[in-house]
A.B. asks: 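Sharing a structure with you now.
Heavy atoms only: backbone and side chains are in, while hydrogens, waters and symmetry mates are out.
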Amino acid sequence: MQFTNARSKNYSSRLPTEILAQIFLCCIPEGNWKPVPRWAPMLLTTVCRRWREVAMDMPDLWRRLQFNAGYGDWRKRALCYDSCLKRSRGRRLSLTLECYDNNLTELQSLLGPYVNQVSSLTVRTFFRTCCPLAAADFGGLNEFVIHGFYFVLAVPESIGQLPPNMRSLKLMNVALTVHMLSSFKPLSWAGLTNLELILDGPNPFAQLLRQCPNLSSLTIVGKLTAIQTSKAFVHPKLQTFRISGNLHEDSIDKFKAITLPNLRAFEARNTGQWPHEDFKAFLIRSQCRLESLLFSGGVVTTDGQLAEYVALFP
């Protein structure tokens, strides 16, 4: 066994650096990873001097990180986190932050030198208020995800103004109210192409779409209530539209609020009785070339209604 280990080390020492680097990239976990000594890439730095030198000289090994804030020995963890961030050497970063309280001063101080490197940011909150981090502080941010462990309301300061290059916003278990949406500056979400959110209260489809003129994909979860509108708003770029939630009895006019001429895929879940005539009129008015129409569990339709949709898109 000792002979085998010695020969294995000898073989690995002969590998060209380029091949060894590719092997290292295959060792790191999928998604963002925690800097833990027993996991790659931290583990790779402890095997031998050459492996440490190769790993430390690979910025791509240190671009996808997960940090914990709000408990334990923060100073010790912060030193480890900062060393990992420095090894990224200016590359674009994908970060996941698990926050166990809302005092993020130390975390903000840690991230300060790297805010313009962060292109993807996921914040998981384990307390009953939403993430206080402001998306606008991350100048290079492309994707922002807030995931509440408890159901919470969004914080306007965190999402009211988005960086100019941001394209995707996902609010998971985080609700956005109509009043909050109304408080945002016009076109403050103009750069978004993908939006997933929970709406709390009346659902202002048209108002939401006006905030996002470049949106191509929209997912809305919530109790879909009535919309008061005198004229349908035309959104020429939305291609994928998903809704999930109970359709309120007085919301029969909801699809009169919008016209989507470029719609290609529509999905409904858990809506109860489906407003067939209203939705069919919306499809005819939009004159879209629908490629996918999916009614998942909890949507009540009839075979005759489904046949009518098929006739619209032979």
Side-chain angles (χ1 to χ4, degrees), residues 1-69 72-74 76-99 107 110-124 133 135 137-147 163-170 172 191 193-194 196 216-217:
M1 180 64 71
Q2 290 179 350
F3 174 75
T4 301
N5 285 342
R7 291 195 61 174
S8 297
K9 291 180 181 179
N10 189 37
Y11 289 144
S12 66
S13 67
R14 297 177 187 175
L15 287 174
T17 299
E18 294 78 7
I19 294 178
L20 193 60
Q22 290 300 314
I23 294 173
F24 285 2
L25 288 173
C26 294
C27 290
I28 58 176
E30 294 184 6
N32 298 342
W33 52 269
K34 294 181 180 180
V36 177
R38 64 181 182 275
W39 295 348
M42 302 290 285
L43 181 63
L44 300 175
T45 66
T46 65
V47 175
C48 65
R49 179 177 179 180
R50 182 172 180 243
W51 281 32
R52 178 176 176 80
E53 290 175 349
V54 172
M56 297 284 281
D57 196 38
M58 290 182 60
D60 284 346
L61 276 183
W62 312 95
R63 293 176 55 244
R64 297 185 287 106
L65 303 166
Q66 178 176 322
F67 299 157
N68 296 340
D73 188 346
W74 168 253
K76 181 178 179 181
R77 292 202 311 275
L79 289 173
C80 175
Y81 297 161
D82 188 54
S83 66
C84 292
L85 290 168
K86 287 178 179 176
R87 293 169 194 169
S88 68
R89 296 184 186 177
R91 301 291 179 89
R92 308 301 289 168
L93 294 170
S94 175
L95 299 183
T96 296
L97 310 178
E98 293 194 343
C99 304
L107 181 59
L110 169 69
L111 297 177
Y114 310 99
V115 289
N116 290 325
Q117 286 181 239
V118 180
S119 62
S120 177
L121 178 62
T122 298
V123 180
R124 298 173 182 159
L133 288 177
D137 292 340
F138 296 82
L141 196 61
N142 184 265
E143 178 186 33
F144 190 26
V145 180
I146 304 178
H147 190 178
N165 294 323
M166 188 163 151
R167 298 293 177 262
S168 179
L169 174 63
K170 300 178 182 180
M172 317 299 291
T193 57
N194 177 63
E196 300 180 21
S216 63
S217 178

A.B. asks: Shortest non-hydrogen contact from Phe24 to Ala55?
C.D. replies: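 Closest approach of Phe24 to Ala55, heavy atoms only: CE2-N, 4.0 Å.
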A.B. asks: Kindly compute the distance separating SG (Cys99) from NE2 (His147), expressed to the nearest 0.5 Å.
C.D. replies: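 Spacing of SG (Cys99) from NE2 (His147) equals 13.0 Å.
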A.B. asks: Give me the atom names and distance for the closest heavy-atom approach of Ser88 to Pro59.
C.D. replies: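 Closest approach of Ser88 to Pro59, heavy atoms only: O-CB, 3.4 Å.
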A.B. asks: Report the distance from atom CE of Met166 to atom CZ of Phe138, rounding to the nearest 0.5 Å.
C.D. replies: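 Answer rounded to 0.5 Å: 11.0 Å.
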A.B. asks: Can you tell me how far apart CG (Leu121) and CD (Glu143) are? Round to the nearest 0.5 Å.
C.D. replies: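 Here the rounded value is 9.5 Å.
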A.B. asks: Hey, are the side chains of Trp33 and Met42 touching, using non-hydrogen atoms and a 4.5 Å cut-off?
C.D. replies: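 Yes - at least one pair of side-chain heavy atoms lies under 4.5 Å apart.
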A.B. asks: Ignoring hydrogens and angles, tell me if any N or O in the side chain of Thr193 forms a donor-acceptor pair with the backbone of Ser216 under 3.5 Å.
C.D. replies: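 Side chain of Thr193 to backbone of Ser216, a donor-acceptor pair under 3.5 Å: no, none is there.
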A.B. asks: Would you say Asp60 and Arg91 make side-chain contact, with heavy atoms under 4.5 Å?
C.D. replies: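 In contact.
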A.B. asks: Give a yes or no answer on whether the side chain of Thr96 reaches the backbone of Thr122 with a donor-acceptor pair at less than 3.5 Å.
C.D. replies: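 Checking the backbone N and O of Thr122 against the side chain of Thr96, no donor-acceptor pair under 3.5 Å is found.
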A.B. asks: How are the rings of Tyr81 and Phe67 set to each other: parallel, tilted or perpendicular (split at 30° and 60°)?
C.D. replies: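 Ring orientation of Tyr81 relative to Phe67: parallel.
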A.B. asks: I'd like to know if Arg77 and Asp73 make a salt bridge, using a cut-off of under 4.0 Å between side-chain N and carboxylate O.
C.D. replies: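 Asp73 and Arg77: not salt-bridged.
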A.B. asks: Do Arg167 and Asn165 make a side-chain contact, defined as non-hydrogen atoms from C-beta onward lying under 4.5 Å apart?
C.D. replies: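 Yes. Closest side-chain heavy atoms under 4.5 Å.
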A.B. asks: With side chains defined as the heavy atoms from C-beta onward, is the minimum distance between Asn68 and Lys34 less than 4.5 Å?
C.D. replies: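 Yes, their side chains come closer than 4.5 Å.
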A.B. asks: Can you find a pair of side-chain heavy atoms, one from Arg89 and one from Asp57, that are under 4.5 Å apart?
C.D. replies: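 Of all side-chain heavy-atom pairs linking Asp57 with Arg89, at least one is under 4.5 Å.
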A.B. asks: Could you report the tightest heavy-atom contact between Val115 and Asp137, atom names first, then the distance?
C.D. replies: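 Minimum heavy-atom separation between Val115 and Asp137: CB-O, 3.6 Å.
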A.B. asks: Between Tyr114 and Asp82, is the side-chain contact (heavy atoms from CB on, under 4.5 Å) condition met? List the steps.
C.D. replies: CA-CA 10 Å; Tyr114 310 99; Asp82 188 54; 2.8 Å; yes
A.B. asks: Using only atom types and a distance under 3.5 Å, with no angle test, would you say the side chain of Ser119 pairs donor to acceptor with the backbone of Leu141?
C.D. replies: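 Side chain of Ser119 to backbone of Leu141: no pair is present.
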A.B. asks: Are side-chain N/O atoms of Arg92 and Ser120 paired as donor and acceptor at under 3.5 Å?
C.D. replies: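 No, because no side-chain N or O of Arg92 sits under 3.5 Å from a partner of the opposite role on Ser120.
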A.B. asks: Hey, could you give me the CE/CG distance between Met58 and Leu44, rounded to the nearest 0.5 Å?
C.D. replies: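 Result: 9.0 Å between the selected atoms.
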A.B. asks: Determine whether Leu133 and Ile146 make a side-chain contact, defined as any pair of heavy atoms from C-beta on separated by less than 4.5 Å.
C.D. replies: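 Not in contact.
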A.B. asks: Tell me the closest heavy-atom pair linking Leu65 and Asn32, and the distance in Å.
C.D. replies: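 Residues Leu65 and Asn32, closest heavy atoms: O-CB, 3.5 Å.
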A.B. asks: Determine whether Cys80 and Lys76 make a side-chain contact, defined as any pair of heavy atoms from C-beta on separated by less than 4.5 Å.
C.D. replies: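 Cys80 does not reach Lys76 side chain to side chain.
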A.B. asks: Would you indicate whether the side-chain heavy atoms of Thr17 and Arg50 approach each other to under 4.5 Å?
C.D. replies: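 SC-SC contact between Arg50 and Thr17 confirmed.
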A.B. asks: Can you tell me how far CD1 of Ile28 sits from CD of Glu30, rounded to the nearest 0.5 angstrom?
C.D. replies: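 Between Glu30 CD and Ile28 CD1, I get 10.0 Å after rounding to 0.5 Å.
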